[in-house]
Amino acid sequence: QVPLVESGGGLVQAGDSLRLSCAASGRTFSTYAMGWFRQAPGKEREFVAHISWTGARTYYLDSVKGRFTISRDNGKSTVYLQMNSLKPEDTAVYYCAADESKRTSYSSTYDDTAAYGYWGQGTQVTVSS
């Protein structure tokens with residue numbers, strides 16, 4: 001088990017910024033690939049961003065490129081999602097996920113929810129217009 005706890009969500013206005021954090025327990029966090037996903041009401045969970053275990057590889061959903069940045073601090077066992085220029089369509093529950101195998105970083109599965117074995121409970125982000 002890899003307990004993951006997201007934080008940093010909230011209610012903001014369009015154009016504002018938020019930084020989400022995902023804290024993991026365990027000494028092996030640095031070996032996991034990590035992803036952020038989101039789920040809006042009535043919609044399927046969708047991929048937002050991915051970072052490899054070294055931080056050398058990152059992938060983003062096209063609609064967030066240039067606005068969102070994923071990063072990680074392995075010393076703090078935490079992955080971050082910096083979200084700038086937020087839009088109402090970014091409103092969703094945001095989840096972090098961990099891939100122990102690291103295969104997601106080197107294949108086309110980084111955006112596949114099934115490729116991640118561990119999930120947090122989510123944090124709500126609401127962007128008003």
Side-chain angles (χ1 to χ4, degrees):
Q1 290 290 330
V2 180
L4 301 172
V5 180
E6 302 96 334
S7 63
L11 172 63
V12 297
Q13 294 186 331
D16 286 349
S17 298
L18 277 176
R19 188 177 79 157
L20 305 183
S21 300
C22 173
S25 299
R27 293 175 292 178
T28 56
F29 171 81
S30 62
T31 66
Y32 299 147
M34 300 296 295
W36 283 99
F37 289 74
R38 66 187 181 186
Q39 188 166 18
K43 295 188 177 181
E44 292 187 353
R45 193 168 298 190
E46 71 171 351
F47 165 78
V48 176
H50 172 95
I51 189 166
S52 63
W53 65 290
T54 64
R57 290 175 180 252
T58 57
Y59 304 102
Y60 295 93
L61 177 68
D62 283 348
S63 63
V64 308
K65 285 180 181 177
R67 299 190 298 123
F68 291 11
T69 303
I70 189 170
S71 62
R72 66 190 298 157
D73 184 338
N74 287 340
K76 295 183 178 180
S77 298
T78 302
V79 62
Y80 304 98
L81 186 67
Q82 178 66 44
M83 306 186 295
N84 299 329
S85 302
L86 283 161
K87 304 176 180 181
E89 50 264 43
D90 295 319
T91 295
V93 177
Y94 283 70
Y95 299 89
C96 69
D99 167 31
E100 188 175 12
S101 75
K102 300 191 282 289
R103 284 193 292 270
T104 48
S105 299
Y106 306 98
S107 69
S108 60
T109 61
Y110 59 84
D111 59 352
D112 184 354
T113 57
Y116 295 81
Y118 305 101
W119 292 83
Q121 294 301 304
T123 184
Q124 176 71 47
V125 172
T126 303
V127 185
S128 63
S129 58

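Worth knowing before you read on, the calculation uses all heavy atoms, side chains too, and leaves out hydrogens, waters and symmetry mates.
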Compare every heavy atom of [Y] with every heavy atom of [X], then report the nearest pair and how far apart it is.
| X | Y | value |
| --- | --- | --- |
| Y94 | L20 | CB-CD1, 3.5 Å |
| T104 | A115 | CG2-CB, 3.4 Å |
| A14 | S129 | CB-CA, 4.4 Å |
| S21 | T78 | CB-CG2, 4.2 Å |
| I51 | G55 | CG1-CA, 3.6 Å |
| C22 | M34 | SG-CE, 4.3 Å |

Judged by atom type as modelled, is there a donor-acceptor pair below 3.5 Å linking the side chain of [X] to the main-chain atoms of [Y]?
| X | Y | value |
| --- | --- | --- |
| R72 | S52 | yes |
| Y116 | Y110 | yes |
| T91 | V127 | yes |

Candidate pair V79 and W36, rule side chain to side chain contact (heavy atoms under 4.5 Å, CB included), full reasoning: CA-CA 9 Å; V79 62; W36 283 99; 4.0 Å; yes
Can you find a heavy atom in the side chain of [X] that is under 4.5 Å from one in the side chain of [Y]?
| X | Y | result |
| --- | --- | --- |
| E46 | D111 | no |
| T69 | Y60 | yes |
| V12 | M83 | no |
| N74 | F29 | yes |
| T113 | W119 | yes |
| D90 | R67 | yes |

Geometric class of the Y118/Y32 ring pair [parallel <30°, tilted 30-60°, perpendicular >60°]: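 Tilted: the ring planes of Y32 and Y118 meet at 30° to 60°.
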Ring geometry between H50 and Y59 (parallel below 30°, tilted from 30 to 60°, perpendicular above 60°): tilted
Face-on cation placement of R45 at F37 ring, 6.0 Å and 45° thresholds: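 Output no; distance or angle outside limits.
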Measure the spacing between [atom1] of [X] and [atom2] of [Y] and express it to the nearest 0.5 Å.
| X | Y | atom1 | atom2 | answer |
| --- | --- | --- | --- | --- |
| Q124 | R38 | CD | CZ | 12.0 Å |
| S63 | F68 | OG | CZ | 7.5 Å |
| C96 | L81 | SG | CG | 10.0 Å |
| L18 | Q82 | CG | CD | 8.5 Å |

Whether over 12 other heavy atoms sit under 6.0 Å from K102 NZ: yes
Over 12 non-hydrogen atoms of neighbours within 6.0 angstrom of CD in Q121: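 No - once you tally the heavy atoms of other residues, nucleotides and ligands closer than 6.0 Å, there are 12 at most.
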Same apolar cluster: I70 and W53, side chain cutoff 4.5 Å: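 In one cluster: no.
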Linked, directly or transitively: V125 and Y80 (ILVMFWY side chains, under 4.5 Å):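 They do not share one cluster, since no chain of ILVMFWY contacts under 4.5 Å joins V125 to Y80.
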Check ion pair K65-D62 (N to O, under 4.0 angstrom):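 Yes.
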